[in-house]
Amino acid sequence: MSSDTRFDPASADARWQSAWDTAQTFRADSNSDKPKSYVLEMFPYPSGRIHIGHVRNYTMGDVLARYKKATGHEVLHPMGWDAFGMPAENAAMEKGVHPGGWTRDNITHMKAQLKRLGFALDWSRELATCEPEYYGHEQALFIDMYEAGLVYRKESEVNWDPVDQTVLANEQVIDGKGWRSGAEVEKRKLSQWFLKITDFAEDLLEGLGRLENWPDKVRLMQENWIGKSKGLEFSFDLSNGDKLPVYTTRPDTIFGASFVAVAADHPLAQGIDSDDARDFIALCKKGGTTAAELETAEKLGFDTGITAKHPFTGADLPVYIANFVLMDYGTGAIMAVPGHDQRDLEFALKYGLKVPVALRPFGAVEPSEEELEQLGGSQAFDENPWLIRGEYDEYEFFKITKTAYTRSPPESVVNSGSVASALRAKLGKSIAEREHEYLGFFGDAKILTIDEAKRAVVEKIEKLGIGQGKTVWRLRDWGVSRQRYWGTPIPFIHCETCGVVPAPKDSLPITLPEDVDFQTPGNPLLRHATWKHVDCPKCGGKAERETDTLDTFVDSSWYFLRFASQPEDKPFDAEEVAKWMPVEQYIGGIEHAILHLLYARFWTRALAHMGQIEVKEPFASLFTQGMVTHETYSRAGDGRPVYFSPDEVERTSDGATLTADGEPVEIGRVIKMSKSKKNVVDPDTIIDTYGADAVRWFMLSDSPPERDLPWSEAGIEGCSRFVHRLWRLFAAHDAGAEGEDKALLRKTHQTVAAVAEDIESLGFNKAVARIYELTGTVEKAAPSASRSAAIRTLVQLVAPMMPHLAEEAWAALGGSGMVADAAWPEVDPALLVEDEVTIAVQHKGKLRDTLTAPKGASKEDLEAMAMASDKVQRSLDGAEVRKIIVVPDRLVNIVT
RNA sequence: GCGGGUGUGGCGGAAUGGUAGACGCCGGGGACUUAAAAUCCCCUGAGCUUUGCUCGUGUGGGUUCGAGUCCCACCACCCGCACCA
């Protein structure tokens, strides 16, 4: 190997990529008797170009896949395309192209981009969800689920854009207007398809507890999304003779109910025959749904004049229509307890309703005049003001009154912050477990915990026969209908005589018609001349196809099964699936923490429920990687700043200038790459400049993989330098060198063990640091057999990260076959331990000296060595030694 | 509002309760060169009265021989959810 040849990424990358292709190096063999490892990254949407986030995601998976292969696993590492979806239709409308052509062109381009990065993918299993070979099987699965009772149709409200003649997702409605047309969005009721994910709510929730290798954050997000809450449903007797069921999670506060409120959509509200009521309901519907609007939305109500009888006190409570009550949670009606619920309180204050207090923490006392004064006086609490003193501090006072009196609360209240945790610490009890004094409900002030009181109230209601304890879920069934062309056609037929009939399985796939145009608004399937007209499979009469297509989240809910096996005649082969599933390591962005991951978990469970597969959880381990970020460059413009892309800008040590005019630009915060801020870098350009290995190395360096990675020109330059530095080191390999360098041998073995550990725990940044360290050590070492061995080992260590460089070096160094097929270097456990250790010597807890001692030296020896140190003696300065702590092989601490 | 996370040099970040700042980037100095690029070597937390000493991991306490790490309180920032009764 000649040391004057520079490593040339452009030629090496292409050469080895084609060598892997030819040798089918990364083809997964399900019949192999090696242990199986399924490594999967979330497949991309073929938007047109790979972005740097994909590069980071797939590089991580690739390192793991290559490492697994080296450690004796049969690895399945596939890639595909989540190819249905809106952008293709948008492109069709804007550019007059066909969504299919657009998508397939994008796939071709992006596949070439991925290939340039040298990913160890089994391309023989490539799939695209927009092809009938994929979505036809999805249609079959959908029919199976229909037959298993997991699919149903229901009238449901959608956002309808009257100009584009289409249904909009919530995110596409901006300020009540369609994002594309700008037309006022209407609410329409359409009959839509739903999947019964709620049947699995309990199981999906419970399963989270066993997903130990999922980030806690994701598990929590799913838990909140599923939103299990236990409470009470009971009915009020109304003054008009009807009964009104309400739901509450705080039955213990029932004694504090002072009014009843129903949603604007509630039948009771709809049934009121008055113009004022209708006006009010219309007003409620107009309100925006964005977070900011809700934040500031005023509580509004309409008094129906109806009253509800309190089941215990017999009091007549006014019934309001209220804008803050949701129809689709619980029963759409609530008992309002302003003394213990902030929203109810705001409402009560606005409409002058009573604020009875049902409970107070045991030990509470009424505030003095002076204290009330201090808090800005009391109106709402005239009836039942109180304050907690002593060990409870101001906690409950703060809690109950924070809305009414935030103008000048005492400092202790302002600074109390996490009062709940403070209390827990003080009392050793959670809020629910604390004792409360129930005011009146149980006759004389009775002291119970919240849980006890809840149980007592539920029991009483059940005894009265007007309600029962009930669990309510936030999770809704999954609406999968999309009134769009570019998706999987829902395989059903509407027949006037037979109703809704599934398409016969042998008629699948029901393919999308190609001859469609997007110049007319609306779903092309609806107005297609022939496609939708079919004979009813049951009676043979005239019938029409369903023109809705499936939500694209359906496509991504089972693609991992199709990767594991790809029979032509069925969605998957259960035996093959059993060999590979579950996915050992799934890697993707946090943005899929809820929907995609929950739907995939549901779909897998549903298939298991139907007996089609064994596995219930699709992803054994989940890793959510951070984003790639970049600083922004801008200048003040008219109103809005003008942004410049990194390649328009010259970065200097103390600032940045625009290349075009040499004038400075402002360097902004390091944020997620986005087109609008122009802080993007194009993978193709950087691969052209630096080669795939440098780009891959950058993706793994520095930032821990779960955190954001700031892209920088200097950073990629550094990576590129290292690629060439390694090459020079590899070129300096001397096969004939002799002699042993024990220290270097040790370092080599230690590094192999550490890098393995780091890769297995996905701590790539640490593995990278280890490799730098070993590289530095080897460079400095004198020629020896050990050094040559270290160089060969280094080639293997970097092989998962810089596969092209590694292959090139492996070949040059005379390695047999390809390094991609080589086994991970063996570690000699005896070489992992040092025979000499550095001992820290502390006095008064501070480091005074370090000394070198043989490993395993006795406490007495270490103590003696420490005391013999000049530096230690100087620090001691004759003080009396009271105690000496010796931690073997680590440190000596002298206490005076 | 509820839930979660994170705070360590100029920057990205290391550190089973045991030598804080590994490794990389930036920066400084030097070597090689006619020169540049490339490469190599050295320095690089702050301060000081510089063989060395003091301070230093968001702030204030605590436990410990010893705390970035454990406990308590606080502050700041980031993320998710959100009129879910």
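Chain identifiers are assigned alphabetically (A, B, ...) following the order of the sequence lines, protein sequences preceding nucleic acid strands; residue numbering begins at 1 within each chain. All values derive from a computational prediction rather than experimental measurement.
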Inset, instruction - Please state whether the phosphate of B/rC25, meaning OP1 or OP2, lies under 4.0 angstrom from any side-chain nitrogen or oxygen of A/Arg721. - result: yes
Legend entry - Nucleotide opposite B/rG52 in a Watson-Crick or G-U pair, distances under 3.5 Å: B/rC48
Legend entry - A/Arg770 vs B/rA15: side-chain N/O to OP1/OP2 distance below 4.0 Å: no
Legend entry - Whole-Å distance separating the CD atom of A/Glu779 from the C1' atom of B/rU39: 11 Å
Legend entry - Closest contact, heavy atoms only, A/Arg56 versus A/Met627: NH1-O, 3.3 Å
Inset, instruction - Can you tell me, in whole Å, how much space there is between the C1' of B/rG9 and that of B/rG68? - result: 14 Å
Legend entry - Nearest listed nucleotide, side chain of A/Arg728, among B/rC84, B/rG18, B/rU39: B/rU39
Inset, instruction - Check the angle between the aromatic planes of A/Tyr599 and A/Trp478 and answer parallel, tilted or perpendicular using the 30° and 60° thresholds. - result: parallel
Legend entry - Protein-nucleotide distance (A/Phe698, atom CZ; B/rC25, atom C1'), rounded to Å: 9 Å
Legend entry - Ring centres under 6.0 angstrom apart (A/Phe730, A/Phe7): no
Legend entry - A/Arg474 side-chain proximity, nearest of B/rG24, B/rA85, B/rA82: B/rA82
Legend entry - B/rG9, syn or anti by chi within 90 degrees of zero: syn
Inset, instruction - Remember a base hit wins even if backbone is also touched, and classify A/Val472 as base, sugar-phosphate or nothing at under 4.0 Å, heavy atoms. - result: nothing
Inset, instruction - Give the nucleotide from the list B/rC55, B/rG3, B/rG13 with an atom nearest to the side chain of A/Asn224. - result: B/rG3
Legend entry - Complementary nucleotide of B/rG3, counting Watson-Crick and G-U pairs under 3.5 Å: B/rC79
Inset, instruction - Output yes when at least one side-chain N/O atom of A/Lys766 is less than 4.0 Å from OP1 or OP2 of B/rA15, else no. - result: yes
Legend entry - Toward the 5' end of RNA chain B, by each residue's nearest nucleotide, A/Ser875 or A/Gln842: A/Gln842
Inset, instruction - Can you tell me, in whole Å, how much space there is between the P of B/rC79 and that of B/rU69? - result: 26 Å
Legend entry - Nucleotide opposite B/rU16 in a Watson-Crick or G-U pair, distances under 3.5 Å: none
Legend entry - Donor on one side chain, acceptor on other, A/Asp477 and A/Thr198, under 3.5 Å: yes
Legend entry - A/Glu223 CD to B/rC84 C1', straight-line distance once rounded to whole Å: 15 Å
Inset, instruction - If B/rG24 has a Watson-Crick or G-U wobble mate with both distances under 3.5 Å, name it; if not, just say none. - result: B/rC11
Legend entry - C1'-based separation of B/rU6 from B/rU54 [nearest Å]: 31 Å
Inset, instruction - Just compare B/rC23, B/rA82, B/rC25 and give me whichever is closest to any side-chain atom of A/Trp225. - result: B/rA82
Legend entry - A/Arg890 (side chain) and B/rU16 (base): donor-acceptor pair under 3.5 Å: yes
Legend entry - Separation of atom CG in A/Asn765 from atom C1' in B/rG12, rounded to whole Å: 10 Å
Inset, instruction - Any strand is fair game: report the nucleotide pairing with B/rA73 by Watson-Crick or G-U wobble, both distances under 3.5 Å, or none. - result: B/rU59
Legend entry - Base paired to B/rG66 (Watson-Crick or G-U; both N/O distances under 3.5 angstrom): none
Legend entry - Residue A/Glu757 excluded, over 12 heavy atoms near CD under 6.0 Å: no
Inset, instruction - Compute the centroid of each ring, for A/Tyr772 and then for A/Trp697, and state whether the two points are separated by less than 6.0 Å. - result: yes
Legend entry - Euclidean distance for P, B/rG10 against B/rU44 (whole angstrom): 15 Å
Inset, instruction - Could you tell me whether A/Tyr772 contacts a base, only the sugar-phosphate backbone, or nothing, with contacts defined as non-hydrogen atoms closer than 4.0 Å? - result: sugar-phosphate
Legend entry - Minimum-distance nucleotide (side-chain atoms of A/Asn323 versus B/rC83, B/rC65, B/rG3): B/rC83
Inset, instruction - Name the nucleic acid region contacted by A/Leu220, choosing base, sugar-phosphate or nothing; use a 4.0 angstrom heavy-atom cut-off, strictly under. - result: sugar-phosphate
Inset, instruction - Give none if B/rU39 has no partner; otherwise give the nucleotide forming a Watson-Crick or G-U wobble pair with it, both distances under 3.5 Å. - result: B/rA31
Inset, instruction - Classify the nucleic acid contact of A/Val887 as base, sugar-phosphate or nothing, counting any heavy atom under 4.0 Å across all strands shown. - result: base
Inset, instruction - Compare the minimum distances between each of B/rA85, B/rG66, B/rG13 and the side chain of A/Pro704, then state the nucleotide with the smallest one. - result: B/rG13
Legend entry - Between B/rG24 (P) and A/Asp702 (CG): distance, integer Å: 10 Å
Legend entry - B/rC11 to B/rC26 separation - P atoms, rounded to the nearest Å: 15 Å
Legend entry - Nucleotide B/rC79, atom P - distance to CG of A/Asp708 in whole Å: 10 Å
Legend entry - B/rC84 phosphate, OP1 or OP2, under 4.0 Å from A/Arg476 side-chain N/O: no
Inset, instruction - Quote, to the nearest angstrom, the P distance that separates B/rC53 from B/rU34. - result: 47 Å
Inset, instruction - Mind calculating the distance between CG (A/Asp758) and C1' (B/rC23) to the nearest angstrom? - result: 12 Å
Legend entry - Pairwise C1' distance for B/rC72 and B/rC2, with rounding to whole Å: 23 Å
Legend entry - Whole-Å C1' distance, B/rA76 and B/rG60: 15 Å
Inset, instruction - Quickly work out the A/Lys780 NZ to B/rC41 C1' distance and round it to whole Å. - result: 9 Å
Inset, instruction - Determine, using ring centers only, whether A/Phe347 and A/Phe259 are less than 6.0 Å apart. - result: yes
Inset, instruction - Look at the side chain of A/Lys299 against the base of B/rC83 and say whether a donor-acceptor pair falls under 3.5 Å; ignore hydrogens and angles. - result: yes
Legend entry - Among B/rG52, B/rG13, B/rA20, the nucleotide that comes nearest once only the side chain of A/Arg707 is considered: B/rG13
Legend entry - 5' priority, RNA chain B, between A/Lys883 and A/Thr850 [closest heavy atom]: A/Thr850
Inset, instruction - Locate the shortest heavy-atom distance separating A/Tyr329 from A/Arg474; write the atom from each residue and the value. - result: CE1-CA, 4.3 Å
Inset, instruction - Have a look at A/Thr838 and say if it touches a base, only the backbone sugar-phosphate, or nothing, with a 4.0 Å heavy-atom cut-off. - result: base
Legend entry - Nearest-neighbour nucleotide for the A/Glu773 side chain, B/rA85, B/rG18, B/rA22 considered: B/rA22
Legend entry - Donor-acceptor contact below 3.5 Å, side chain A/Ser258 vs main chain A/Lys354: yes
